[in-house]
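See structure below.
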Amino acid sequence: MARHLITSAIPYINGIKHLGNLVGSQLPADLYARYQRARGHEVLYLCATDEHGTPAELAAAKAGKPVADYCAEMWEVQARIAEGFRLSFDHFGRSSSEQNRKLTQHFAARLDDEGLIRETSETQMYSHADGRFLPDRYIEGTCPNCGFEDARGDQCDNCGKLLDPVDLINPHSTISGSTDLEMRETKHLYLRQSAMKDRLEEWIDTREGWPVLTTSIAKKWLNDGDGLQDRGITRDLDWGVPVMKGDQPWPGMEGKVFYVWFDAPIEYIACSQEWVDAGKGDDWERWWRTDKGADDVRYTQFMGKDNVPFHTLSFPVTILGSNEPWKLVDYIKSFNYLNYDGGQFSTSRGRGVFMDQALEILPADYWRWWLLSHAPESSDSEFTWENFQSSVNKDLADVLGNFASRVTKFCRSKFSEAVPAGGSYGAAEEKLIADLTAKIREYEGHMEAIEVRKAASALRAAWVLGNEYLQEVAPWTTFKTDPDQAAAQIRLALNLIRLYAVISAPFIPDASAQLREAMMSDVTDWPEDVAAALGVMKEGDAFAVPEVTFRKITDAEREDWQERFAGTRT
RNA sequence: GGCGCGGUAGCUCAGUUGGUUAGAGCGAUCGACUCAUAAUCGAUAGGUCGGGAGUUCAAGUCUCCCCCACGCCA
């Protein structure tokens with residue numbers, strides 16, 4: 001039995017994510033976790049909310065709530081939606097946890113001891129009215145280059161010129177509107193990533209079978225321009241992990257917090273401690289400490305391409321640089337972007353389907369199937385309502401759902417709601433078993449390799465085999481001359497439904513459970529031996545005709561949704 | 001402007017280290033079946049593999065140039 005540690009990129013606390021975010025990390029990670037569990041392996045699948053930083057503070061202020069309250073509420077919201085999509089986290093943690101605070105401070109101390117932290121003094125815009133330093137993009141003023149009045153402190157949106165906040169004419173805070181700003185000196189800590197460049201590069205170079213997307217992004221950051229840059233890991237904010245050196249004060253860093261991108265990945269580890277503290281597990285170190293049993297763990301991370309630099313470079317610097325025996329990631333599965341109907345999903349314009357809205361219009365399985373079978377693995381992919389409608393209707397309703405329906409209804413009408421006895425298996429049945437075995441082995445291969453689209457395609461092909469078989473042996477015809485033979489054929493077909501329920505569960509857990517319950521079977525063992533798996537339901541075993549497993553999406557619905565989620569165009 | 005990922009049938013995509021008539025699903029057309037969610041099964045049509053040049057006995061697959069889309073950075 002292998003042990004799989006699986007994490008999906010932790011979503012930012014600010015707001016509800018769209019389907020592109022979902023398919024880029026949590027959903028494929030869930031698929032993989034469910035599959036590995038189904039194969040009998042030990043799995044720890046973790047995810048959490050990423051809660052620190054300015055955007056969270058501003059969102060909380062906008063909602064008129066203390067930031068801690070705001071985060072607690074949004075965590076509830078995200079946790080509920082994740083549940084709605086059947087994301088099977090072993091624990092859904094929070095980067096603002098006590099565990100993460102301590103661990104982040106611990107890593108900072110270790111890195112400092114290893115000489116990987118340097119202190120830098122710099123000047124930054126301070127707003128008296130807001131009582132805080134302002135990140136460049138929260139300062140606006142008139143562009144000195146083109147005269148555009150709403151230029152941001154980092155770049156002018158009109159002429160594209162890169163700016164420094166001090167260059168702006170009449171600068172003001174976008175938070176309060178105040179013009180009472182001044183440049184102040186402030187100190188920050190930098191993580192000396194540059195010192196680890198060679199070590200990182202060697203590590204990346206020796207990874208085998210990683211997605212091209214993952215390695216190419218990592219290599220680009222390693223060698224672009226002047227090479228890997230040091231990264232500031234502190235901020236002048238209130239909301240975050242206070243800068244401490246372990247449990248000791250860090251002179252000169254009073255009132256500062258660690259930058260969100262330093263503490264967020266550490267939450268992967270802290271989350272396992274939360275998991276233990278929540279009473280769900282009893283030993284987190286055997287997953288994370290190679291000196292305490294984590295040597296045989298295979299650790300896989302899932303993320304969208306925008307997160308790749310942090311997972312291939314920054315976090316490994318933290319892990320390797322600590323010089324402690326922490327488990328390093330074994331495989332990084334990255335995804336491209338999912339576009340929406342000819343453009344990008346847009347949170348600000350309300351363009352595209354968001355996770356909560358998706359669940360309001362259709363059950364999770366419909367979305368899971370489409371998203372996973374169209375996962376943006378090799379390049380950006382696109383969601384269109386036409387494609388969604390045809391995939392769902394054809395794959396789920398016609399090929400799988402209707403199969404269960406035609407078999408169970410035929411049996412009920414010609415025999416009874418129990419597995420019929422009589423007849424025997426011949427060449428057609430042997431061929432089906434051979435074909436199905438080959439197809440399931442192919443499916444397993446794709447799942448092991450985390451080739452999501454190919455796995456979906458193999459699974460669908462397995463469903464098709466059932467329809468082909470029925471068409472060939474035609475029990476409705478056989479029944480007229482040889483009812484016993486028809487019984488044998490239907491007995492096999494009923495078993496197929498149960499088998500499909502088991503192998504489809506990673507993709508469509510609810511429908512799989514429904515089908516399996518209709519077959520009145522609680523056997524979920526993976527079909528290592530397909531012939532044996534097709535004999536689980538015995539002669540005389542009762543079953544029920546399932547409710548419509550997947551309904552079809554009508555043209556009217558499609559048009560309605562298309563209109564509804566188009567957003568406000570500019 | 002630099003870099004990155006792509007550009008393969010109407011649509012969504014596969015195509016291993018270059019090697020016989022370039023594949024799948026959907027859609028289309030025709031046929032079979034009639035148990036079933038007007039479902040299923042089979043067959044057929046459809047591509048000068050973005051464009052051009054080159055290397056090679058042989059290139060979707062390697063090299064160079066160009067065009068297009070997306071993204072990142074400056």
Side-chain angles (χ1 to χ4, degrees), chain A residues 20 24 154-155 160-163 209 211-226 229 304-309 334-344 369-371 373-415 439 442 445-446 449 451-461 463-480 486 489-490 493-494 497 511 545-554:
Chain A
D154 52 351
Q155 183 171 23
K161 185 177 173 58
L162 292 173
L163 302 170
V212 177
L213 185 65
T214 303
T215 49
S216 67
I217 291 174
K219 299 283 283 184
K220 186 212 155 200
W221 280 67
L222 277 169
N223 299 309
D224 197 38
D226 299 328
Q229 299 299 300
K305 60 183 171 186
D306 51 328
N307 275 333
V308 169
S334 55
F335 290 86
N336 287 281
Y337 293 140
L338 177 68
N339 289 317
Y340 178 81
D341 208 8
Q344 295 185 332
W369 175 254
W370 189 89
L371 290 168
S373 62
H374 293 78
E377 289 178 300
S378 56
S379 65
D380 289 356
S381 65
E382 177 153 317
F383 176 92
T384 64
W385 287 102
E386 288 83 358
N387 191 306
F388 178 67
Q389 180 192 24
S390 75
S391 291
V392 164
N393 289 358
K394 191 73 190 175
D395 300 346
L396 298 180
D398 295 346
V399 177
L400 177 63
N402 181 56
F403 178 78
S405 180
R406 66 191 297 203
V407 170
T408 53
K409 286 182 179 170
F410 179 81
C411 187
R412 180 175 62 184
S413 91
K414 303 299 186 198
F415 300 98
K439 194 52 73 179
E442 181 192 330
H446 292 318
E451 290 277 3
V452 178
R453 296 174 89 125
K454 289 179 182 172
S457 152
L459 177 58
R460 183 191 189 282
W463 298 339
V464 168
L465 288 175
N467 284 308
E468 286 176 5
Y469 169 75
L470 276 193
Q471 199 65 30
E472 192 199 330
V473 301
W476 46 90
T477 303
T478 317
F479 184 78
K480 294 171 188 164
Q489 292 161 350
I490 282 302
L494 285 166
I497 296 173
V545 171
E547 295 299 307
V548 169
T549 315
F550 292 102
R551 70 174 186 82
K552 295 211 186 196
I553 294 168
T554 66

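So that the names make sense, note that chain A is the first sequence line, chain B the second, and so on, each numbered from 1.
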Nearest to the side chain of A:His374, which nucleotide is it out of B:U34, B:U12, B:C13? B:U12

Side chain of A:Gln471 only, please: which of B:G71, B:A32, B:C26 is the nearest? B:A32

Rounded to whole angstrom units, what separation is found between the CG atom of A:Asn387 and the P atom of B:U12? 8 Å

Look at the side chain of A:Arg406 and decide which nucleotide, out of B:U37, B:C35, B:U34, has an atom nearest to it. B:C35

What verdict does the side-chain contact (heavy atoms from CB on, under 4.5 Å) test give for A:Phe335 and A:Asn307, after you've listed the backbone C-alpha separation in whole Å, the side-chain angles of each residue and the deciding distance to 0.1 Å? CA-CA 10 Å; A:Phe335 290 86; A:Asn307 275 333; over 6 Å; no

Tell me which nucleotide among B:A39, B:U34, B:U40 gets nearest to the side chain of A:Asn467. B:U40

Could you work out the separation of B:G51 and B:G42 based on their C1' atoms and round it to a whole Å? 39 Å

Quick check for you: among B:U12, B:A36, B:C35, whose closest atom lies nearest to any side-chain atom of A:Trp476? B:C35

Counting only distance, no hydrogens or angles, is the base of B:A39 paired donor-acceptor with the side chain of A:Asp398 under 3.5 Å? no

Give the nucleotide from the list B:C35, B:G27, B:U37 with an atom nearest to the side chain of A:Lys394. B:G27

Rounded to the nearest Å, what distance is computed from the CZ atom of residue A:Arg453 to the P atom of nucleotide B:G15? 10 Å

Where the side chain of A:Lys480 is defined as all heavy atoms beyond and including C-beta, which of B:U34, B:U40, B:G71 is the nearest nucleotide? B:U34

Does B:G4 have OP1 or OP2 sitting under 4.0 Å from an N or O in the side chain of A:Lys305? no

Distance check needed: B:U34 P versus A:Lys414 NZ, whole Å only. 11 Å

A:Arg412: partners by side-chain hydrogen bond (donor to acceptor under 3.5 Å, both in side chains), with sequence neighbours left out: none

Report the secondary structure of RNA chain B in dot-bracket form, marking unpaired bases with a dot and bases paired to a different strand with |, and treating Watson-Crick or G-U pairs with both distances under 3.5 Å as paired. ((((.((..((((.....[...)))).(((((.......))))).....(((((..]....))))))).)))).

What's the gap between B:U34 and B:A14 when it is taken at their P atoms, as a whole Å value? 40 Å

Near-parallel close stack of A:Phe410 and B:C35 base (under 5.5 Å, under 30°): no

As a test of reading the structure: which of B:A14, B:C41, B:A39 is closest to the side chain of A:Lys454, going by heavy atoms? B:A14

